[in-house]
Structures are given as structure tokens and as C-alpha cells.
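Worksheet for the structure shown next.
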Amino acid sequence: MSITNTPTSSNFIQNIINDDQKTNKYGQRVHTRFPPEPNGYLHIGHAKSICLNFGLAKEYNGLCNLRFDDTNPSKEEVEYVDSIQQDVKWLGFSWDNRMFYASDYFERLYQYAVKLITLGKAYVCDLTAQQMREYRGTLTEPGKDSPFRTRTVQENLELFQGMRNGEYPDGSRVLRAKIDMASPNFTMRDPVLYRIMRAHHHRTGDTWCIYPMYDYAHPLSDAIEGITHSICTLEFEDHRPLYDWVLEDWESSEKPQQTEFARLDLTNTVMSKRKLRTLVEKGLVSGWDDPRMPTISGLRRRGYTPESIRDFCDRIGVAKSNSTVDIALLEHCIREDLNTNAARAMTVLQPLKIVLTNYPEGQVEELEAENNPENEDMGIRTIPFSRVLYIEQEDFMENPSKKYFRLSPGKEVRLKYAYIIKCEEVIKDEQGNVIELHCTYDPETKSGAGTSNRKVKGVLHWASAEHAVDVEVRLYEYLLVNEEEDEADGDDFLAKLNPNSLVVRQGKAEPALANVTGGERYQFLRQGFFAADPDSKPGKPVFNRIVGLRDSWAKAQKEG
RNA sequence: AGGGGCGUCGCCAAGUUGGUAAGGCAACGGACUUUGACUCCGUUAUGCGUUGGUUCGAGUCCAGCCGCCCCUGCCA
């Protein structure tokens with residue numbers, strides 16, 4: 001089966017690059033970067049950025065760097081730089097030997113700041129944070145100049161050196177760009193370039209007590225690495241003039257350009273780092289890699305493939321309008337991938353015992369089953385069949401509607417790969433619950449035997465009681481029942497969490513599933529796609545439901 | 001209110017110099033089916049936030065209006 005390349009239309013960033021290639025702006029070079037701050041786990045929104053940046057580099061025969069934006073040691077940890085690398089690799093991208101840290105450039109950044117001071121474009125300011133806020137002005141009123149704005153170059157040079165030397169307490173002074181306190185754009189009102197902060201940095205240790213701000217470090221890091229296209233999200237659009245300002249005195253005339261695109265938002269889940277952290281810290285999920293989380297590690301544990309996530313990122317497009325993508329598209333991508341690639345298996349999630357009263361006691365047949373009807377190369381396996389079996393509770397109904405074509409009293413159904421059976425007797429407990437069915441089977445209807453042309457509409461999956469392995473199956477639903485997050489920040493979203501986002505079932509699976517270790521993916525017939533969880537133990541498998549099969553019957557039921 | 005953006009089918013999203021609305025997801029019909037799955041076929045914008053204008057002709061140009069998002073961290 002060949003992979004069809006659906007003709008994808010170009011996005012506005014590709015158009016920009018195409019123009020740059022025409023005008024030879026970067027001599028045909030395309031060099032991007034993925035610049036995460038190591039202060040949290042990557043999520044599907046980052047995957048969009050990763051696929052965009054690495055994808056563009058690949059498409060244009062360029063390069064993409066991985067760069068940790070580690071300019072704020074008070075929030076960053078090595079734990080995250082490790083998980084980020086793992087996630088990018090897992091998604092299928094390689095930065096080769098180009099893994100950098102903004103902190104690699106601290107000395108150059110410092111020297112460039114000295115240059116700006118010398119040029120009269122930066123000054124040391126002693127205003128407190130509170131005062132600076134007051135001086136900044138408001139949306140409609142211009143700010144006013146800091147009284148320290150007119151310090152001499154010499155004084156600024158000495159003070160900045162003193163800042164570096166640790167002569168002043170944290171927060172007592174900052175280095176500021178001298179731009180325009182009356183600018184209608186706040187980020188141009190003499191933004192802070194450096195702050196004093198005695199925090200241990202995960203890479204530079206205690207070498208520095210002053211750290212550069214993002215707006216200063218980022219354009220310079222891009223320039224140092226020879227980045228051509230610096231792609232970031234929409235909220236940085238206002239910062240672009242500052243990005244360009246910082247680079248005005250850069251040594252090379254070939255400067256990177258910033259382009260902004262809309263970050264990904266998904267229905268039925270939460271995406272902000274803060275909310276994800278809340279879920280983890282309040283113990284509402286088992287961790288950053290809980291299979292309900294939209295984190296890369298969560299999706300990985302859930303069973304999503306990197307291919308399906310890349311496909312998703314290709315399909316959602318890249319544009320500038322804020323949008324919320326229907327999570328159904330993500331589900332479509334994983335179903336499409338796994339439909340052709342995942343082996344089939346039978347697992348009964350909620351067992352109902354049935355006895356084939358006319359099947360010889362003690363007899364066991366090994367029935368042939370295809371591993372994947374979409375892919376013959378995946379071969380066949382055998383499944384034991386015997387007198388006592390389990391079927392799904394949902395697959396029996398005592399008083400069904402005419403549209404129900406599963407099992408009911410006196411009705412026939414086929415057991416997949418096996419025989420047509422007929423329900424003869426319903427056995428109940430004292431409360432009237434159905435606890436067992438007595439059925440008969442028709443020996444002439446064995447699958448593949450060609451001894452009968454009888455057709456029945458219903459086909460059920462099953463497990464042989466004597467041979468089945470006990471499995472724990474974790475069924476996941478959306479984190480949020482409502483499609484929209486209903487914003488209004490705060491922790492309101494906690495009240496909207498789906499109480500049934502995790503339902504655990506103790507099921508019965510065919511014996512082949514006994515010894516999974518984690519990561520194996522299957523389609524459980526008529527149920528969905530599942531992945532073995534690392535919690536699996538020999539003989540005691542645990543499965544996560546990645547996504548259910550499309551279910552038009554369930555849909556029809558819901559609509560009544 | 002000042003600045004920066006955005007507004008094309010329920011959800012995404014193409015739309016090169018104005019020439020007469022791609023595609024995907026979802027939905028809905030139908031065919032096929034030993035997974036009510038998959039696959040296949042078909043249906044869904046005389047309409048591009050809105051009102052005017054320019055033009056033989058506008059989603060594409062102009063003007064006004066409306067709506068939504070971002071910006072007053074020594075966060076990124």
C-alpha cells in the first residue's frame with residue numbers, strides 16, 4: 001500500500017520564504033530554530049511549532065537548530081531539557097550537532113550590551129519595579145523618561161560592570177534600552193535588557209548574577225546562529241520592532257527576520273502550561289505523561305504515533321487567525337495510521353459468560369484469524385475456541401429494538417472467526433441481572449470452511465473463558481466535556497473537568513496479548529485502538545485506549 | 001481609549017498580477033462488509049464579518065462600520 005501525498009497548499013510562511021529565495025535575501029539559505037524554554041513539558045502545540053520549523057528546514061534543504069531559551073534560571077530546570085530532547089527526537093526530528101543554549105552566548109550578549117551603552121543606546125536605571133511601572137504610562141498616555149536616562153556613557157559602563165560584578169542587590173538596577181517612552185507600543189518604552197538575579201543557572205552555575213531578557217537575548221541568539229527565519233507565535237508580533245532594534249548594530253548585514261503564526265488550540269482539552277501544571281500538581285492526572293494530557297509524553301504513553309502527530313500538524317495548516325482545531329482531526333489521524341499498521345486482537349471489556357450447550361466439553365479448536373485485513377503481510381494467528389466463552393455485555397439485549405442486530409433471545413449472531421450461535425436461554429441472578437447465556441452453535445458455519453452460505457448481520461468478538469488472559473483496560477475520554485475551554489482563566493476549568501475521563505475495566509483478552517511490555521499497539525476488534533501501557537507485567541497486561549473506532553451504532557442510540 | 005493582529009461552509013484552511021469560491025475534518029445519504037470498523041460513491045458557501053465605492057467584472061482594490069485576539073513582567 002502506497003502512501004498518497006495529498007497535495008498540500010502552501011502557507012504564508014512558505015510564501016515568504018519563496019519570496020526571499022527569489023530576491024536572494026539569504027543566498028538561498030533557510031535556517032530555522034525551535035527555541036523552547038526549559039520550564040515545562042512540550043505539548044501538541046509545541047509539536048506544531050516543531051513540525052513547522054524542522055519541516056521548513058527539510059523542505060528547503062536548510063537546517064533547524066534546537067535551542068534552549070534559558071535566560072531565566074529562576075524557572076528553568078535540567079529535567080525539562082532532557083524531556084524536551086526526548087520529545088523532539090521521538091517526533092522524528094534531528095538537530096544533528098546543533099543543540100544550543102541561549103546561555104552559551106551570555107558573554108557575547110554582555111559585550112553587545114556594552115556596545116549599545118557605548119553607542120548611547122542603553123542605560124542603567126535605578127528605578128524600582130514599582131516606579132518603572134508608574135513611569136511606563138498607560139495604553140493612552142505616553143510614559144515618561146526615567147531620571148537615570150541621561151547618565152553618561154562612562155557612568156553606564158561602570159554601573160553595568162558593577163552589576164555584572166555583583167556589587168548591587170537583586171532588583172536594584174537594570175540595564176534598559178533607550179528607545180522611546182512615548183511609543184504607542186509598550187515594548188518600545190525603554191524595555192529592560194538585563195536584570196540582577198542571584199539564581200543558580202542549570203548550565204552557567206553561579207558565574208552570572210545578571211541575566212538577559214528574552215527580547216534582548218532572542219534576536220541576538222538567532223543572529224549568532226545565522227538563523228534566517230525566526231518563527232514565533234502571534235503574541236510576539238508587538239515585539240518585532242524591538243527584535244529589529246536589537247539587531248540594528250549587529251555586525252552582519254544578513255539579519256534574521258521574525259515571523260509570527262497562530263498557536264494551536266484544541267477542543268475538549270486544556271493547553272496552557274499553567275493549567276497543565278495545575279492538573280499535575282493537584283493530582284487530577286497521574287503526571288505530565290498521563291495519557292489524558294495533550295503533552296507529547298502523554299500522547300506517546302496513550303499510544304499516539306509520531307507519524308500521526310506529524311500528519312495532524314501538516315493538516316491543520318499555518319496561518320495567523322486564532323483558531324481552535326477540532327480534536328476529531330487528531331483522532332482521525334491516529335485512526336488512519338493504525339488502521340493499516342496495528343494488528344487486530346479480540347478483547348472483551350465487560351464480559352458476559354456464554355455456554356455453548358451443544359459444543360463438546362473439553363474440546364478446544366484453534367481458529368485462524370487474520371492479523372490485519374488491511375494488510376495481508378501481517379499474517380495470521382490462531383485463537384482458542386471452546387465451550388465456555390465471554391462476549392461483551394453490550395452485545396446482548398433481552399428486549400432489543402428492530403435495529404439491534406446483536407444477540408438476543410432466540411436470535412443468531414456470528415462469533416468472529418468462529419461459528420454462528422443462537423441464544424437459547426437467559427440466566428439471571430436474584431436481582432434479575434443477566435449473568436449468563438446458554439447458546440447453541442451451528443457446526444456447519446465454521447469460518448472459512450465454506451460449508452454454509454448462511455449470513456447473519458451481527459458479528460461479535462469473544463474470548464474463550466478457559467484461555468483468556470485478564471487485562472486491565474483504561475478507557476480515556478476528553479479532559480473537558482465542553483468543546484470550548486470557556487476561558488476566563490483562573491481555575492474555573494477544574495469545575496468543567498470530565499469526571500469520567502478515565503474508566504478502568506477488567507477485561508478478558510485472547511492469549512496472544514498476555515506478555516506485552518508497553519508500547520505495542522492493537523486494534524481491539526469493534527472497540528478501538530489500544531496501546532500496552534508500561535505498567536504491564538508478564539501475564540498481567542494493561543492497555544490504554546488510544547481512540548475508539550467510529551461507532552455509528554452508538555451515535556444512532558444517542559440520538560434515540 | 002492608544003498600538004499590533006485577525007474575520008472565507010459546523011471546525012481548520014487555500015485563494016499568485018481583480019476574471020467569476022481548492023482541500024481536509026465533521027455531518028448527512030447510499031454501496032460493500034465474518035469489525036454497525038475500514039473502503040467506495042454522493043450531498044453540503046450565487047457565498048467570502050458588514051455597508052457603501054471603484055470596475056465590464058472584487059473574497060481579492062478603496063472608505064466607513066462591527067466583532068474577536070494580543071500588549072501596561074526586572075516571564076518567555
Side-chain angles (χ1 to χ4, degrees), chain A residues 6-11 15 18 35-37 39 69 71-72 74-76 125 127-129 132-134 136-143 170-176 183-189 191-197 210-211 213-215 217-218 232-241 260 262 267 273 314-333 335-336 339-340 344 346 373-374 403-406 413-418 420 445 447-448 455-461 483 523-528 548-556:
Chain A
T6 34
T8 51
S9 43
S10 65
N11 62 55
N15 294 341
N18 291 339
E37 182 189 15
N39 75 339
D69 231 322
T71 56
N72 187 350
S74 68
K75 302 168 64 172
E76 295 149 8
C125 181
L127 253 26
T128 64
M132 212 179 284
R133 214 168 298 133
E134 288 160 11
R136 191 148 32 226
T138 68
L139 289 177
T140 47
E141 307 153 34
D170 285 9
S172 60
R173 289 192 227 262
V174 294
L175 182 74
R176 289 228 255 172
S183 171
N185 180 350
F186 274 87
T187 91
M188 298 301 270
R189 319 247 259 227
V192 171
L193 266 25
Y194 272 91
R195 74 280 218 185
I196 303 174
M197 172 166 45
I210 58 172
Y211 291 95
M213 302 291 289
Y214 165 88
D215 282 325
H218 204 85
C232 64
T233 43
L234 251 29
E235 67 270 26
F236 292 102
E237 214 150 16
D238 287 339
H239 298 230
R240 200 190 323 145
E260 312 82 11
T267 62
K273 220 173 251 184
D314 282 345
R315 289 175 186 244
I316 56 178
V318 179
K320 297 193 68 155
S321 63
N322 289 109
S323 57
T324 304
V325 175
D326 193 333
I327 199 162
L329 180 58
L330 216 210
E331 297 177 338
H332 168 82
C333 292
R335 284 194 191 105
E336 188 174 81
N339 182 47
T340 52
R344 310 285 119 123
M346 291 199 293
E374 309 286 327
K403 289 189 137 184
Y404 185 86
F405 49 78
R406 275 114 97 146
V413 95
R414 173 175 285 283
L415 295 181
K416 180 82 175 174
Y417 308 129
I420 290 176
T445 58
S447 281
K455 295 267 185 193
V456 288
K457 188 82 170 142
V459 179
L460 310 185
H461 60 281
E483 281 199 359
Q523 182 197 99
F524 290 171
L525 245 44
R526 304 208 305 133
Q527 297 285 358
L549 255 27
R550 288 178 47 136
D551 189 346
S552 54
W553 168 244
K555 197 180 293 177

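Just so it is clear: chains get the letters A, B, ... in the order the sequence lines come, proteins before strands, and each one is counted from 1.
Within the 4.0 angstrom heavy-atom criterion, base atoms lie near A:Y404. A:G143 comes within 4.0 angstrom of nothing in the nucleic acid, heavy atoms only. Nucleic acid contact for A:R189: none, since no nucleic acid atom lies under 4.0 Å from a heavy atom of the residue. Residue-level contact check: A:V456 touches neither bases nor backbone, having no heavy atom under 4.0 Å from any strand. At a threshold of 4.0 angstrom between heavy atoms, the contacts of A:S552 are confined to the sugar-phosphate backbone, with no base atom among them.
A donor-acceptor pair under 3.5 Å is absent between the side-chain atoms of A:R335 and the main chain of A:L549, judged by distance alone. Checked by atom type and distance alone, the side chain of A:T267 pairs as donor or acceptor with a backbone atom of A:I327 at under 3.5 Å. In this structure, the side chain of A:E76 engages the main chain of A:N72 through a donor-acceptor pair within 3.5 Å. Side-chain atoms of A:N185 come within 3.5 Å of backbone N or O of A:D238 as a donor-acceptor pair.
Comparing A:L549 and A:V459 by the nucleotide of RNA chain B whose heavy atom lies nearest to each, the residue mapping closer to the 5' end is A:V459. Mapped onto RNA chain B by nearest heavy atom, A:P373 and A:N11 fall at different nucleotides, with A:N11 at the one closer to the 5' end.
Rounded to whole Å, the separation between the P atoms of B:C9 and B:U60 comes to 15 Å. A distance of about 38 Å separates the C1' atoms of B:G10 and B:U72, rounded to the whole Å. Atom name P, nucleotides B:G49 and B:A13: the rounded distance is 14 Å, in whole Å. A distance of about 12 Å separates the P atoms of B:A21 and B:A58, rounded to the whole Å. Rounded to the nearest Å, the gap between the C1' atom of B:A31 and that of B:C69 is 46 Å. Going from the P atom of B:A26 to that of B:C40 covers 13 Å, rounded to whole Å. With both ends at atom P, the span from B:C66 to B:A1 equals 9 Å, rounded to whole Å. Rounded to whole Å, the C1' atom of B:G18 lies 23 Å from the corresponding atom of B:G23.
In this structure, of B:U34, B:G36, B:G15, it is B:G15 that holds the atom nearest to the side chain of A:S10. Of all nucleotides listed (B:G36, B:U34, B:U35), B:U35 comes nearest to the side chain of A:L525.
For RNA chain B, if you chain together Watson-Crick or G-U pairs that step i with j, i+1 with j-1 and so on, the runs of at least three with distances under 3.5 Å are B:2-7 with B:66-71, B:10-12 with B:23-25, B:27-31 with B:39-43, B:49-53 with B:61-65.
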Whether each nucleotide of nucleotides 68-76 of chain B has a protein heavy atom under 4.0 Å at its base (B), only at its sugar-phosphate (S) or at neither (-) is summarised, 5' to 3', as -SBBBSBBB
One character per nucleotide, please: for nucleotides 26-33 of chain B, 5' to 3', B when the base has a protein heavy atom closer than 4.0 Å, S when only the sugar-phosphate does, - otherwise. SSS----B
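Following rounding to the nearest Å, A:E237 (CD) and B:G3 (P) show an atom-to-atom distance of 15 Å. Between A:L330 atom CG and B:G24 atom P there is a gap of 19 Å when expressed in whole angstrom units. In this structure, CZ of A:F405 is placed 6 Å from P of B:G36, rounded to the nearest angstrom. The CD atom of A:E260 sits 10 Å away from the C1' atom of B:G4 (whole-angstrom rounding). Put simply, CG on A:D314 is 13 Å from C1' on B:A13, counting in whole angstrom units. Separating the CG atom of A:N15 from the C1' atom of B:U17 is a distance of 14 Å, rounded to the nearest angstrom. In this structure, CZ of A:F524 is placed 14 Å from C1' of B:U35, rounded to the nearest angstrom. When the P atom of B:G36 is taken as reference, atom CD of A:Q527 falls 11 Å away, rounded to whole Å.
For A:S323 and B:C11, the shortest distance from a side-chain N or O to OP1 or OP2 is not below 4.0 Å.
Between A:D69 and A:E37, the shortest heavy-atom distance links the atoms O-CG, 3.5 Å. Scanning all heavy atoms of the two residues, the minimum distance from A:S321 to A:A262 falls at O-CB, 3.3 Å. For the pair A:H218 and A:P35, the tightest heavy-atom approach, listed with the atom from each and the gap, is CE1-CB, 3.6 Å. Of all heavy-atom pairs between A:H461 and A:L525, the closest is ND1-O, 3.6 Å.
Residues A:L127 and A:R136 have side chains not in contact (no heavy-atom distance under 4.5 Å, counting atoms from C-beta outward). Residues A:I196 and A:S172 are in side-chain contact: their nearest non-hydrogen atoms beyond the backbone lie under 4.5 Å apart. Within the 4.5 Å cutoff, side-chain heavy atoms of A:V174 are placed close to those of A:M132.
Here A:F236 pairs with A:Y214, A:H239 under the ring-ring contact (aromatic ring centres under 6.0 Å, His included) rule; sequence neighbours left out. Under the side-chain contact (heavy atoms from CB on, under 4.5 Å) criterion, A:T445 pairs with A:R414, A:Y419, A:I420, A:D442, A:S452, A:R454, not counting sequence neighbours. Residues satisfying the ring-ring contact (aromatic ring centres under 6.0 Å, His included) test with A:F405, not counting sequence neighbours, are none.
Applying the 90° cutoff around 0 to the glycosidic angle, B:G49 is assigned anti.
Residue-to-nucleotide contacts include a donor-acceptor pair under 3.5 Å from the side chain of A:Q523 to the base of B:U35.
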